[in-house]
Student: 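Let me give you the structure first, and then I'll get to my questions.
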Amino acid sequence: MTGIPTSFEDLAISPALLQTIREIGYESPSPIQAASIPHLLAGRDLLGQAQTGTGKTAAFALPILNGIDISKRVPQALVLAPTRELAIQVAEAFQTYARHLEGFHILPVYGGQGMGQQLRQLARGVHVIVGTPGRIMDHLRRETLNLSQISTLVLDEADEMLRMGFIEDVEWILDHTPETRQTALFSATMPPAIRKIAERYLRDPAEVKIQAKTATVEAINQQYWIADGMQKLDALTRILDADDIDAMIIFVRTKTETVELAEKLEARGYEAAALNGDMSQVLREKVIDRLKKGALDIVIATDVAARGLDVERITHVVNYDIPYDTEAYIHRIGRTGRAGRKGTAILFVAPREKRMLRAIEQATRQPIQQMRLPTLRDIADRRIEQFKAQLVETLDSQDIGFYRDLVDKLVAEDIGEPADIAAAIAHLMHRERPLAAPEEPEPRFREYPRDSRRDYRRDDNLLRYTIDVGRQHGVSPKDIVGAIANEGGISARQIGQIRLFDTYSTVELPADLPEDFFRSLKKTWVRNQRLNLQRAEDPRGPARSESRAFGAEDRKPFRKNVEGRPVPRRRDKSDESSD
Ligand code: AMP
C-alpha cells in the first residue's frame, strides 16, 4: 500500500467490518488507525504511542477481528489491560465492531468477578480474551486458560500497567504465549521500562506515533469544561444561552452524531444543521452558505466535513467530542478567530480524557482555561440586560407617541399606577419564558473551582480508586486513611478526597504511587472487608439519561438584538429557509 489510507474502504478489512463501521458512522480512520491498521493486517508487530481518545481500541480490534477464524472456538487473541474498567470497555468495543461476525465470542476476564462464570464461558469457547494481568495469570496457573493458539497479543496502556506494578506479570504472561504470535504494544508514554519490554518481546516492530504538531493560536480564547456528571447537551445549551455568539461550529466524532445532535438542539428550540461526509456536495455547500449569510448560526460537523471551512462569522468552536489528536484540535479551533477576529474554543473533556487535554496544551503552547459553566442566574441576568437594552433602544429611536397616549389614558382610567402598568406589559412580553431565574437544579454536576490552572494540576496528579468497603460496613474516612497510610506506606496528606457510598467508597491517591503499593494493599482488610483497590474511572463517561435543565419552550432564538449584538435565536416558522 502506498501512503496513509484516508478511508476505511482503503483498508483491507472484511466487508462485514466495513458494514459495521458504516452503520456506526465513523467517517474516516483516525490517525492512529490509519497508521497502525495496515501494519497489523500485514502481520507486523507494532509499537504505538497513543492515548485514550485517539481511537486506539479500533486500531487493534479491527485487524484482530479481521483475522479471527470464527469456526475455531479457541482464544486467538489476547488483550492485556491495566484495569477492569478498561478491560470491559475494550470488550464492549470488540462486541460492537463484531456486530456482523456471527458466532463471535469475547470474554473480559478480571479480578473481583466470580471465577465460576468465567470458567463456564471459557469452557464454552471464546475467540478473544481481554483481561487484567492478575486474573489472566490465575487462569494460566490453574490451567483453565489455554493460550497455545494465540496469534495476536495486545498490551493496552502499557505504561499504566507499569505504573500499577503489573509489568512482571505481563512479562510472565508473554512468556506463556506462543513465540510465533504477533504483538502490539500501545502506550501513552514510552518510559525506558516500556521500551525494554518492546525490545525484548516485539520483533522488528513498526513504530507508530501520532506527531504532536505545535502551532500558535493566539487570537483564540481556549477553554475546557470537565464533563463530569452533567449532560454535555445541557452544558452546551447553557453556553448557547449565556454567551455572545454569532455563529458556532460544534465538532462531534461520527456522522450519526452530527444529525442526532442537530435534532436534539432543534428539539430544544435552536436552529441547527448537520454537516457530514454523507451529505452531497450541493447540500453541504448549501449549509455553509446559510451559515455565511447568517441564515443559520449552529452547525454540527465531523472533522472531515469541516475541513477548510472558512466562515468569518464563526465566533465559537465547541469540541463536543474531544478530537483524536492535537492536530485535529488545532484544525478545528482554526475555524474561528478568522480574518483577525476574536474566537472562542471550548473543549468538553471527560475525566478520563485529561491526558489529551494536556497534550493539546503542549501542542498549542498555551494553557487552556477551565471554564465555569454559566449558571441559570447568569443566563437570567443576561436576559434582563438584553431587555433593558431593548427598552433603551426603543425609547431612543422609535416613535412611541401612540403608545404613550394609550398609557396616559389607562392611567386616567385608573387601571393602575404607571409602574404597575409597565410591569404588567413586561410580564406579558415574557410570559412564555419569565425573566426571573428558575431554581438552579444543582447539584447534578460538580462545578470545578474557578482557579482552574492550579486545580487542574492538583486533580491531574490524583487518581480516583474504588475500595470494596462502604457505609453499610460501618467504615469512616478515618479508617480508610489509617489503612492506606499504614499499609501502603504513603502519608495521610497524600490522600485526596474520600467519598463513602453504601457498598463501596472512592479515594483519591497520587498518580505516581510506588510499584509495590498495590501489592501491599492487596492484603489489607478494613471492617472485615478486603479493600480490593481498583481504578474508579468510568470509561463510558457520564450516564446517558436525557435529563434536561429546562425545556425547549424556555429557549430563545438566535437573532441580533437591538444593539446588533447576537442573541440566541428561537426557531421561527416564518424564518425557516428553503432546505
Ligand atoms: P479510544 O481511543 O479507543 O478509547 O476511542 C475513543 C472513541 O473514539 C470511542 O468512543 C470510539 O468509538 C471513537 N472512535 C474510534 N475510531 C473512530 C473513528 N474512526 N471515527 C469516529 N469515532 C471513532
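Start at 1 and go down the list; that is how both ligands and their atoms are numbered.
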Student: Does a donor on one side chain and an acceptor on the other come within less than 3.5 Å for Thr183 and Arg181?
Tutor: yes
Student: With respect to Ala58, determine whether any N or O atom, backbone or side chain, lies less than 3.5 Å from an N or O atom of ligand 1.
Tutor: no
Student: Run through Val259, Asn276, Val252 and flag the one making a side-chain contact (heavy atoms from CB on, under 4.5 Å) with Ile300.
Tutor: Val252
Student: In Å and rounded to the nearest 0.5 Å, what is the CG to CD1 distance from Leu309 to Ile249?
Tutor: 5.0 Å
Student: Taking the six-membered ring of Tyr26 (Phe, Tyr or Trp), confirm whether the NZ or CZ of Lys255 is under 6.0 Å from its centre and within 45° of its axis.
Tutor: no
Student: Output yes when Asp289 and Lys286 qualify as a salt bridge under the 4.0 Å nitrogen-oxygen rule, no when they do not.
Tutor: no
Student: Return the closest protein heavy atom for atom 15 (C) of ligand 1 as residue, atom name and distance.
Tutor: Gln33 NE2, 3.5 Å
Student: Can you name the atoms of ligand 1, numbered from 1 with element, that are less than 4.0 Å from a heavy atom of Ser30?
Tutor: 19 (N)
Student: Find the distance between CG (Leu78) and CG (Leu174) and round it off to the nearest 0.5 Å.
Tutor: 8.5 Å
Student: When you compare the side chains of Gln222 and Gln366, does any donor N or O come within less than 3.5 Å of an acceptor on the partner?
Tutor: yes
Student: Describe, in one word, how the ring planes of His105 and His127 are oriented to each other, choosing from parallel (under 30°), tilted (30 to 60°) and perpendicular (over 60°).
Tutor: parallel
Student: Looking only at distance, does Glu27 have an N or O less than 3.5 Å from an N or O of ligand 1?
Tutor: no
Student: Of the side chain and backbone of Ser28, name the one, both, or neither that has a heavy atom under 4.0 Å from an atom of ligand 1.
Tutor: backbone
Student: For Thr54, take its heavy atoms, then give the atoms of ligand 1 lying under 4.0 Å from any of them.
Tutor: 2 (O)
Student: To the nearest 0.1 Å, how far is atom 21 (C) of ligand 1 from its closest protein heavy atom, and which atom is that?
Tutor: Tyr324 OH, 2.6 Å
Student: Can you pull out the closest protein heavy atom to atom 3 (O) of ligand 1? Residue, atom name and distance to 0.1 Å, please.
Tutor: Thr57 OG1, 2.5 Å
Student: Which one holds for Phe60 and ligand 1: side chain close, backbone close, both close, or neither close, with close meaning a heavy atom under 4.0 Å?
Tutor: neither
Student: Which atoms from ligand 1 have a heavy atom of Gly55 less than 4.0 Å away?
Tutor: 1 (P), 2 (O), 3 (O), 5 (O), 15 (C)
Student: Return the residue, atom name and 0.1 Å-rounded distance of the protein heavy atom closest to atom 12 (O) of ligand 1.
Tutor: Tyr26 OH, 2.5 Å
Student: Using a distance-only test with no angle check, is there a side-chain donor-acceptor pair under 3.5 angstrom linking Gln19 and Glu23?
Tutor: yes
Student: For atom 4 (O) of ligand 1, what is the closest protein heavy atom, and at what distance to 0.1 Å?
Tutor: Gly53 N, 3.7 Å
Student: Can you tell me the protein heavy atom closest to atom 10 (O) of ligand 1 and the distance?
Tutor: Arg253 NH1, 4.7 Å
Student: Go through ligand 1 atom by atom and flag the ones less than 4.0 Å from a non-hydrogen atom of Phe8.
Tutor: 19 (N)
